[in-house]
Amino acid sequence: MLVEVAADHAVFALDPAGRVASWSPCAELNKGYAAPEIIGRHFSSLYPPEARDDGVPARLLETARSTGRAEDEGWRQRKDGSRFWAEVVISPLRDCNGELIGYGKVTCDRTERRAADAYLRAGEQRFRMLAEHTRDVIFRFEYTPAPRYSYVSPAIRDLVGYALEEFYLDPAAGLRAIHPDDQPAVAARMAGGVASDLWVEALRNKWATRRIYVQVSPPA
């Protein structure tokens, strides 16, 4: 029943030699083969040629057999030749005497997630390129899983004289760079979850003051 309803997981079994022994509806949807077309064939036929030539299927079975589990991410190939990025787990199946009787294989299509991750990485690269080539100070502060600065642009050194490491090591460093009279207003806006801006006095090198403009933007 679990195999039948696992809509986003292709779950099927292999015999000890790596031939497909069972095939779920999701496996058919995911890979394009009907059960009669794939059962009895070696599961390496689900891999692109370069992975087969590199011995990836055999290595995964050996890892699963010897360690109890094999995990892998990489390109897989459908019946029509199209490819998708897969997250795979292979586990050995043993009888009550510990003898290997086959393998259980779970394949998840992660193509969309991989594309989304690539888009986010590209956005992060653009953000850092902008942040590191402007005289404005740009920082990112996160409250979960714990309050911390996840990014502080190098311009902070010129503005308040603090080293970047002081911010990464101490989430309170940013507030200490603000004059005590203005700290409550800045803290309230950072925690408020709404976009806001204000003028405050910053402490340069921890003693001289400098008036700065602060803009707080909540996460999108």
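The analysis underlying the following values was restricted to heavy atoms, covering all of them including side chains, and did not include hydrogens, waters or symmetry mates. Along the sequence shown, residues are numbered consecutively beginning with 1.
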Determine, using ring centers only, whether Y149 and F167 are less than 6.0 Å apart.
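Yes: the rings meet the under 6.0 Å criterion.
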
If you round to the nearest 0.5 Å, how far is [atom2] of [Y] from [atom1] of [X]?
{"X": "D72", "Y": "L60", "atom1": "CG", "atom2": "CG", "answer": "5.0 Å"}
{"X": "F12", "Y": "S24", "atom1": "CZ", "atom2": "OG", "answer": "8.0 Å"}
{"X": "C108", "Y": "E87", "atom1": "SG", "atom2": "CD", "answer": "5.5 Å"}
{"X": "L164", "Y": "S153", "atom1": "CG", "atom2": "OG", "answer": "8.0 Å"}
{"X": "I38", "Y": "W23", "atom1": "CD1", "atom2": "CH2", "answer": "5.0 Å"}

Are L61 and L93 connected into the same hydrophobic cluster when the rule is that any two of I, L, V, M, F, W, Y join if their side-chain heavy atoms are below 4.5 Å apart?
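Looking at the clustering, L61 is in a separate group from L93.
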
Can you hop from I138 to Y168 via hydrophobic side chains spaced under 4.5 Å?
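Yes; tracing contacts between hydrophobic side chains, which count when under 4.5 Å, links both residues.
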
Between the side chain of [X] and the main-chain N/O of [Y], is any donor-acceptor distance below 3.5 Å?
{"X": "R78", "Y": "N30", "result": "yes"}
{"X": "T63", "Y": "A70", "result": "no"}
{"X": "E142", "Y": "R148", "result": "no"}
{"X": "N97", "Y": "E99", "result": "no"}

Quick one: ring pair (Phe, Tyr, Trp, His ring centres under 6.0 Å) partners of Y33, sequence neighbours excluded?
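Y33: no ring pair (Phe, Tyr, Trp, His ring centres under 6.0 Å) contacts found.
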
For [X] versus [Y], what's the shortest heavy-atom pair and its separation?
{"X": "A64", "Y": "I90", "result": "CB-O, 3.6 Å"}
{"X": "A10", "Y": "A27", "result": "CB-CA, 3.6 Å"}
{"X": "S82", "Y": "D80", "result": "OG-OD1, 2.6 Å"}
{"X": "A13", "Y": "S22", "result": "N-OG, 2.9 Å"}

Any side-chain heavy atom of [X] within less than 4.5 Å of one from [Y]?
{"X": "T107", "Y": "F84", "value": "yes"}
{"X": "L46", "Y": "R76", "value": "no"}
{"X": "Q77", "Y": "S45", "value": "no"}
{"X": "R65", "Y": "L100", "value": "yes"}
{"X": "Y103", "Y": "S91", "value": "no"}
{"X": "R69", "Y": "V89", "value": "yes"}

Run the side-chain contact (heavy atoms from CB on, under 4.5 Å) test on V88 and K105 for me, step by step, so that the C-alpha distance in whole Å, both residues' side-chain angles and the decisive distance to 0.1 Å come before the verdict.
CA-CA 7 Å; V88 174; K105 188 172 187 290; 3.8 Å; yes

Do any pairs count as a salt bridge (Lys or Arg N to Asp or Glu O under 4.0 Å) and have a residue in [range], sequence neighbours left out, and if so which ones?
{"range": "residues 46-58", "result": "E50-R83, D54-R59"}
{"range": "residues 19-32", "result": "D15-R19"}
{"range": "residues 34-47", "result": "E37-K79"}

For residues 37-80, which residue pairs pass the ring-ring contact (aromatic ring centres under 6.0 Å, His included) check, not counting sequence neighbours?
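Every pair satisfying ring-ring contact (aromatic ring centres under 6.0 Å, His included) with a residue in residues 37-80: F43-Y47, W75-W85.
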
Before giving the answer on side-chain contact (heavy atoms from CB on, under 4.5 Å), spell out for L14 and V20 the whole-Å C-alpha distance, their side-chain angles and the decisive distance to 0.1 Å.
CA-CA 4 Å; L14 309 174; V20 177; 4.1 Å; yes

Output all residues satisfying salt bridge (charged side-chain N to carboxylate O under 4.0 Å, His left out) with D182, sequence neighbours left out; order by chain, then residue number.
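D182: no salt bridge (charged side-chain N to carboxylate O under 4.0 Å, His left out) contacts found.
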
